[in-house]
Structures are given as structure tokens and as C-alpha cells.
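Working notes, beginning with the structure itself.
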Amino acid sequence: MVLPQRPTRRLDDSQAGIAEAASLLVQGGLVAIPTETVYGLAADATSGAAVAGIYAAKERPSFNPLIAHLPDLDAARRQGLFDANALALARAFWPGPLTLVVPVSIGCTVSDLARAGLDSVALRVPSHPVARAVLRSAGRPIAAPSANRSGRISATSAAHVLADLDGRIDAVLDGGPTEIGVESTIVACLNGAPRLLRPGGVPRTAIEGVIGRTLVLEGPAGAAPISPGLLASHYAPSAQVRLDAVAPNPGEAWLGFGPGATELAPSEAALNLSPRGDLTEAAANLFGYLRRLDEAGRATIAVAPIPMHGLGEAINDRLRRAAAPR
Ligand code: TXA
Ligand code: MG
């Protein structure tokens, strides 16, 4: 796709930088902003034209709906209808790495394009102080998918944003590396029991504790996928990805996990997600390490097995997509 080039400004996370980011958003601009999960490519969710800019910059299939970000629960409740489960989850985990898909309210101002024409809307109240300041200042729902080109590895630093989107967006607001490192958990509260659409920064067990029942992750198989963006191949580095590897084969890059994994493959193309075996640390390192190993130029990245508990479910989900046939 040929996209008109524009200079991408670097804003710092001072009050002036935040005010400038909000002002660009209100004018219909595209600004990458930090959140606690990953960087988001933000635009005014109420403007179809601004949202169209996101799809163009990301080269994202336009059937894929976006998350609308709000400064607090009150603002979110003006956009969507919260049943008892949605309310309990919002109160437990907002602000934070949880997205709720709920029916649109009568007064919902999120554009049809941002919702991809659905009668539901994905809402999130992030906890990152810079994101919250931008949202308060913009005073409207802000659509923000991860700030990477479609199908690529999500951005967890301003440098990663620029590697994918420099010259395609108006600005990047640099708030340093993101803390959690994987995207929000997505739960649909539409009619009946809540459904887990994407594992993410809030572990499944924490969600289950609040709603008092177990959740099954909806696979891509089955009837019409309820989350159209959850395509199988995603987060894809240029290299092939080989999962559950005991050790790297000769010539493979190596993404290890836990004690001993580093010693297994001492090379410039080897990294350990967490030498002490901490899944929270591993999530924070995941996307940045995949990018670094990709830059090593090996044909394949071998990845150690990652336990499934805590943030491990989200890490394994992203790794499976990175390894999916494309
Ligand atoms: O942590 C995050 O959630 C990050 C930060 C920037 O907030 N955002 C993010 O957005 O990951 P994105 O666009 O990469 O992923 C949003 C997912 C997509 O898979 C999309 O299909 C799904 O949310 N989604 C959005 N609206 C939906 C809806 N109404 N029904 C079902 N799924 C929806
Ligand atoms: Mg994404």
C-alpha cells in the first residue's frame, strides 16, 4: 500500500507532551501512546476518518474492530451496557489490563468503523498514568490497537513503534518500556455467561475468581469467530518459530526460559525470557526479545516450553500465533 509519508514527531511524557498528544488526537491525528500492556496507536474513536487512518497506517484488515479506551468506568458506561458480571470485572480490574466486550449503549459515540459494524463495543480503562492523562485531556473515547503493522510483533517501546510506523503517524509519545508486555485480557459479557476471547495481562484465574465460574478460551475453530481480529497468524517475526524446544538446533536462534536455559545455548542469538523463571518478567520481555532475535537473521527461533499458569497462558497464546503457518 502506498501511504503519504508524514514526519513522525517524538513527544516526551511531560505535561506539554501529553497536552500535544491529546490536541493531535482531537484534531483527528494518529499518535502512538504508552499503556501498561503495549503501545497503542491512538485516534479519536468517534471519528470515522481518524479511525480509517489507523487501519491505513497499520495495513489492518478493516473487518477487525478496535478497543475504545476511556479514562474511567463512568465514561465507559456511557458507551456500553454493563451486566452484573461486566460491572464486577470492571470494578475488580479497572484501571488495568482488561478489555470488556459489551453491547453498545444507545448513546455510544464510538464510530461504526471502530466497531467494524458490530452491535457490541470493546472497552478498556488503562492504568498507565500517561495514557490516563491523554484520555482525560482528549475527553472522548480513543481507539487504540497495538502500535505495530498488522500481523507483526506488538510494540513495547517507542523505538519499536518507530521501527514499524515512522513516517506513517503524526507522533509517538514516549513513556518508556511498557510494564506488562502482553495485551489486555478480553472478556465478552454479551448475553449469558462471560466468555474469554483473548488471554492477556489479567490471568484467567483472577477473572474466574470474580465471576465465580471457570472460563474456556474460545478457539479460532467453530462458528463465526466472535473476535474477528483473533486471526491465527499474528505477532509474526520474519523467522520461523519452533515451539516447546528442549534446546536449539545448530544455527537456530534460542528463546529460553528459566534457570539453565541460558547455559544451554550461549550465543549472540540467544536470550532468556526470565532466568529466574518468573512469568511476569517473561511477559514483559517477550515482544522485545522476539524482535531482537529476529534481527539476528537466523531462519528459525527455537522457543523453550513456557508454563501455562499466570501470565503463561497469554505468553503461550502469543507464541502459538507467532509460530502459526503464514
Ligand atoms: O492491551 C491492549 O488491549 C492493547 C492496548 C493498546 O490497549 N490493544 C490491543 O488492541 O491489543 P488490538 O486492536 O490489537 O486487539 C483488539 C482485539 C482484536 O482482536 C479485536 O478483534 C477484538 O479486540 N475486539 C474489538 N472489538 C470487539 C468486539 N466488539 N467483539 C469482539 N472482539 C472485539
Ligand atoms: Mg495487535
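Hydrogens, waters and symmetry mates play no part in the numbers below; they use all other heavy atoms, side chains included. Whatever order the structure lists them in is the order used to number ligands and atoms, beginning at 1.
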With only distance considered, is Thr37 within less than 3.5 Å of ligand 1 through an N or O on each side? yes
If the cut-off is 4.0 Å to any non-hydrogen atom of Asn64, which atoms of ligand 1 fall inside it? 18 (C), 20 (C), 21 (O)
Taking salt bridge (charged side-chain N to carboxylate O under 4.0 Å, His left out) as the criterion, tell me which of Arg149, Arg291, Arg60 meets it with Asp164. Arg291
Part of Arg198 within contact of ligand 1 (heavy atoms, under 4.0 Å): side chain
Verify the neighbour count for atom CZ of Arg213: are there more than 12 heavy atoms of other residues, nucleotides or ligands below 6.0 Å? no
Does Pro97 reach ligand 1, in the sense of a heavy atom lying below 4.0 Å from it? no
Could you tell me whether any N, O or S atom belonging to Asn148 is less than 2.8 Å from the Mg ion (ligand 2)? no
Which atoms from ligand 1 have a heavy atom of Val101 less than 4.0 Å away? 28 (C), 29 (N), 30 (N)
Glu59/Arg168 salt bridge by N-O under 4.0 Å criterion: yes
Counting only heavy atoms from other residues, nucleotides and ligands, does the tally under 6.0 Å from CD of Glu179 exceed 12? no
In terms of atom number and element, which parts of ligand 1 are under 4.0 angstrom from non-hydrogen atoms of Ile186? 17 (C), 23 (O)
Show me, pair by pair, the donor-acceptor contacts under 3.5 angstrom made by side chains of residues 124-132, not counting sequence neighbours?
unit_1, atom_1, unit_2, atom_2, d
Arg124, NH1, Glu36, OE2, 2.9
Arg124, NH1, Gly96, O, 3.1
Arg124, NH2, Thr35, OG1, 3.0
Arg124, NH2, Thr37, OG1, 3.2
Ser127, OG, Glu36, OE2, 3.4
His128, ND1, Val130, N, 3.0
Arg132, NH2, Pro71, O, 2.9

Show the atoms of ligand 1 that are less than 4.0 angstrom away from any heavy atom in Gly40. 6 (C)
Lys58 contact mode with ligand 1 (heavy-atom cut-off under 4.0 Å): neither
Any ion pair linking Asp166 and Arg10 (charged N to carboxylate O, less than 4.0 Å)? yes
Please identify which atoms of ligand 1 are closer than 4.0 Å to at least one heavy atom of Ala122. 25 (C), 26 (N), 27 (C)
Of all the atoms in ligand 1, which lie at a distance below 4.0 Å from a heavy atom belonging to Ala144? 6 (C), 8 (N), 10 (O)
Salt bridge Glu252-Arg242, side-chain N to carboxylate O under 4.0 Å: yes
Distance check, rounded to the nearest 0.5 Å: Asn285 atom CG versus Leu290 atom CG? 10.5 Å
Could you say whether the N/O atoms of Arg60 and ligand 1 ever approach to under 3.5 Å? yes
Output yes when Arg198 and Asp317 qualify as a salt bridge under the 4.0 Å nitrogen-oxygen rule, no when they do not. no
Partner residues of Asp112 under the salt bridge (charged side-chain N to carboxylate O under 4.0 Å, His left out) criterion, sequence neighbours left out: Arg115
Which atoms from ligand 1 have a heavy atom of His69 less than 4.0 Å away? 5 (C), 7 (O)
Quick check on contacts: which atoms of ligand 1 are under 4.0 angstrom from a heavy atom of Ser120? 28 (C), 29 (N), 30 (N)
Does Arg124 have a heavy atom less than 4.0 Å from any atom of ligand 1? yes
Any N or O on Ser184 sitting closer than 3.5 Å to an N or O of ligand 1? yes
